[in-house]
Number of protein chains: 4
Amino acid sequence: MSRKSNTQQRRQEITTAFLRVLANQGYEKATIQAIAKEAALTPGLIHYHFSTKAEILVELITTLTTVFEARFEDLLSRAKTPHERLRAYVEARLAKGEGENPEAVAAWVIIGAEAIKQEEVRTLYAQAIARELRLLQGLLADYLLDQGKKESSARHLAATLLSTMEGSFQLASAAAEHMPKRYAAKTVLLMIERFVALEPANK
Amino acid sequence: MSRKSNTQQRRQEITTAFLRVLANQGYEKATIQAIAKEAALTPGLIHYHFSTKAEILVELITTLTTVFEARFEDLLSRAKTPHERLRAYVEARLAKGEGENPEAVAAWVIIGAEAIKQEEVRTLYAQAIARELRLLQGLLADYLLDQGKKESSARHLAATLLSTMEGSFQLASAAAEHMPKRYAAKTVLLMIERFVALEPANK
Amino acid sequence: MSRKSNTQQRRQEITTAFLRVLANQGYEKATIQAIAKEAALTPGLIHYHFSTKAEILVELITTLTTVFEARFEDLLSRAKTPHERLRAYVEARLAKGEGENPEAVAAWVIIGAEAIKQEEVRTLYAQAIARELRLLQGLLADYLLDQGKKESSARHLAATLLSTMEGSFQLASAAAEHMPKRYAAKTVLLMIERFVALEPANK
Amino acid sequence: MSRKSNTQQRRQEITTAFLRVLANQGYEKATIQAIAKEAALTPGLIHYHFSTKAEILVELITTLTTVFEARFEDLLSRAKTPHERLRAYVEARLAKGEGENPEAVAAWVIIGAEAIKQEEVRTLYAQAIARELRLLQGLLADYLLDQGKKESSARHLAATLLSTMEGSFQLASAAAEHMPKRYAAKTVLLMIERFVALEPANK
DNA sequence: TATGAATGAGTTTTCATTCAT
DNA sequence: CATGAATGAAAACTCATTCAT
């Protein structure tokens, strides 16, 4: 007899609206009233589902990382070799940066900037980055070993490649018109292969 | 008879204060009040020298790009070969990201995020990126030719490396604790060398 | 379930408060704070119902012209002859200027001055004036024809009489102590009658 | 040896600049900085010559009334009969309203609105109006007597005609596009003549 | 759950005025 | 006389949040 809770759906609507406003109007203009308008809801209702604005941002970060992980898992399931698994990662990550969902990419960049000094955002962002780093480092180590190389360079390589990915999101969002089309995934993979190829062999 | 103008100095003081507040408190908290406090000036005076807050941001962008250019010119003067010139560029650019001036780096990342939706910022940011891209592409082409390779990969390579640099600023600013120390410059140079080494020869 | 809207009532309260502040303190002092105080509301609430101060002014212009029109319609319904209809107009218009609602009169004068350079105000003010001019010209033409005269002078006469009315508002608001009491309506009517009486007959 | 004072000239430059800014930008925007810019002087210098902004307004009122008086005196010197003197007055006054110096006319209207609640302005404005009223009443009385009529209607007639003049300034400034061209002076004179012609004779 | 009015602290910006030079 | 930097109070407007309905 009682009304069915629609909280989960509402929270998602709100988070999605926030994502869109963030990407299309920037952090400054992503006000509760703007989010409410985008979601076709009222400010009061937003505060019924999220007690503070920061909470929406937190949920958005979770959503974005979850979406990426899902995509990677999907591609991963079809990969057999270390090289294929590495490629799955790069493609899952960079497909976003090369046009698949520019709003999510822009939002991620804005979140990254907010992370610099907003404590809670920083924590979540840094956790996500740390997870990525571990994951990528593992994939690289496997690939190195598979190629008969030492895995010692995996850590620096992972950090550098993660930088490349984050940076390509930034440039795709704020200077797309000056960048070559779809350069990132291919070049990154080539770079890895050549880097590894010339790495000293594991004696 | 008339009072001596101190506008240039004041504008610089204000711009520097803005840089510091931006880096230390984020864009949201970089209010005119906060800038005034940081510069030990009054809000009214800020507006006497800059008619809008956006104007300060514009000046900051100019300042930051000028500083980088100066540093590169300096290192460049001592470089003889294409390889040395390339190294000069990477070092000039990444020295910033590896501890030399973390405030400027953080400010640059925040500007990059602002560029996503603030028209004037975007224009200036994109111009700066386009300049970098041309410069880096030129340096890479020279290096490739010098190594007896085709220069055709210079463009994609430049875009990728620029992404790496921008991304390393982002990660240095928002997730430094998870990143290896001083990984970027060395790894990037190594990557370039190996990439070029395995590039097909120019027939 | 949802809260009942009181926007219409609030907008009217705010508009009325604006009218009073305008009349009693002048345009300069008619700040949002002052309006809020007069209406016993908060400044934030004023901006909840009107997005800008100009919007309140626009609403006030509409209100004032509507009130005048209603008064004229009321007197008009009892008028039978062209002369009576003309008198109804003059009385409806000048009653305002002779004590009935000095606040509305003063506000109208201030609006007239604002119209000189505030584009939107000018448009609305000029529209109101154009309406009055057409109306008065029509009434005068009827009266002239009824008196067996040519109607050709109606246009200039209407413009002149409208000037008289606007001017009497001005003087009633800013120099009442030097003006005779209740001079306007009577003198204006007498003037019209004598002017028309000596107008050449329509052959 | 000492520098010659240019105070009088400076005060006039400032007053004229104020007139122009008032007419072209309205009261709200007639700031000291705007006046300074219009006069090509500095804000500090304005305050050297006038201690407050109100003082400039006072000087402007004086200037405007003086200019009008001078014009009237000029025309008056050529007038022989009461009718000619009356015509001289109407022309001196309405020439302003019909295109000769629209900036001065607009400024006068704005001053009239400010007079409603700014005490000092009101005093000066009301004094000017009282002077006009006395003058016009005298001219009308002379004309009435000259025509063999009682002068008793002169007071109400003067008040009405002064209203017409003030109102025509208002309409010329804020709704010129809807008004007939050069209607005022001619119609006003005709009105006076016909009004007086039908006035009962002085027994 | 949902609405939308309401608040109050905060934001950028303006401006008359002062004053050192 | 003249400049132009500097101030401080006040302006319009914004917004996260609360709350009555």
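Note on naming: letters A, B, ... go to the chains in the order of the sequence lines (proteins, then strands), and numbering restarts at 1 for each one.
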When rounded to the nearest 0.5 Å, the distance separating OG1 of C:T52 from CD of C:E120 is 7.5 Å

DNA chain E nearest-nucleotide lookup for B:K4 and B:Q33: closer to the 5′ end is B:Q33

- prompt: Does OP1 or OP2 of E:dT17 have a side-chain N or O of D:S51 closer than 4.0 Å?
  reply: no

In whole angstroms, the gap separating P of F:dA10 from CD of C:E28 amounts to 14 Å

Rounded to whole Å, CZ of A:R11 lies from P of E:dT1 at a distance of 12 Å

Atom CD1 of B:I35 and atom C1' of E:dT11 are separated, to the nearest Å, by 12 Å

Treating B:Q170 as the side-chain partner and A:G112 as the backbone partner, does any N or O pair qualify as donor plus acceptor under 3.5 Å?
yes

The correct list of stems in which DNA chain F takes part (3 or more consecutive Watson-Crick or G-U pairs, distances under 3.5 Å) is E:2-21 with F:2-21

Ranking F:dG4, F:dA12, F:dA16 by distance to the side chain of C:K53, first place goes to F:dA12

query = When you check the phosphate oxygens OP1 and OP2 of F:dA6, does a side-chain N or O of B:R10 lie under 4.0 Å from one of them?
reply = yes

Between CG of C:L57 and C1' of F:dA12 the distance, given in whole Å, is 15 Å

Enumerate all atom pairs, one protein N or O and one N or O from nucleotides 7-10 of chain E, separated by less than 3.5 Å.
residue : atom : partner : partner atom : Å
E:dT7   : OP2  : C:T42   : OG1          : 2.9

Does B:H47 place a side-chain N or O at less than 4.0 Å from the phosphate oxygens OP1/OP2 of E:dT13?
-> yes

Are any side-chain N or O atoms of D:R11 and backbone N or O atoms of D:H49, one a donor and one an acceptor, separated by less than 3.5 Å?
yes

Exercise for review: Consider only side-chain N and O atoms of C:Q118 and C:Y125, and report whether a donor and an acceptor are under 3.5 Å apart.
Suggested key: no

Do B:K53 side-chain atoms and B:A30 backbone N/O form a donor-acceptor pair below 3.5 Å?
yes

Item to complete: Consider only side-chain N and O atoms of B:Q12 and B:Q8, and report whether a donor and an acceptor are under 3.5 Å apart.
Response: no

Ignoring backbone atoms, establish whether D:T52 has a side-chain N or O less than 4.0 Å from OP1 or OP2 of E:dT17. no

Value for OG1 (B:T65) from CG (B:L60), rounded to nearest 0.5 Å, stands at 9.5 Å

* Asked: Taking 4.0 angstrom as the limit, do A:R122 and A:E119 come out as a salt bridge?
  -> no

Of the listed F:dA5, E:dA16, E:dA5, the closest approach to the B:H49 side chain comes from F:dA5

Atom CD1 of B:I14 and atom P of E:dT12 are separated, to the nearest Å, by 14 Å

When rounded to whole Å, the CD1 to C1' distance for the pair B:I32 and F:dA10 reads 17 Å

Donor-acceptor contacts under 3.5 Å from residues 34-44 of chain B side chains, at least two apart:
residue : atom : partner : partner atom : Å
B:E38   : OE2  : B:R20   : NE           : 2.6
B:E38   : OE2  : B:R20   : NH2          : 3.2
B:T42   : OG1  : B:L45   : N            : 3.4

Please confirm whether the shortest side-chain N or O distance from C:N6 to OP1 or OP2 of E:dG4 is below 4.0 Å.
no

Separation of E:dT3 atom P from A:K37 atom NZ, nearest Å, is 16 Å

From CD of A:E13 across to C1' of E:dT1 the rounded distance in Å is 13 Å

query: Are more than 12 heavy atoms from other residues, nucleotides or ligands located less than 6.0 Å from atom CD of C:E59?
result: yes

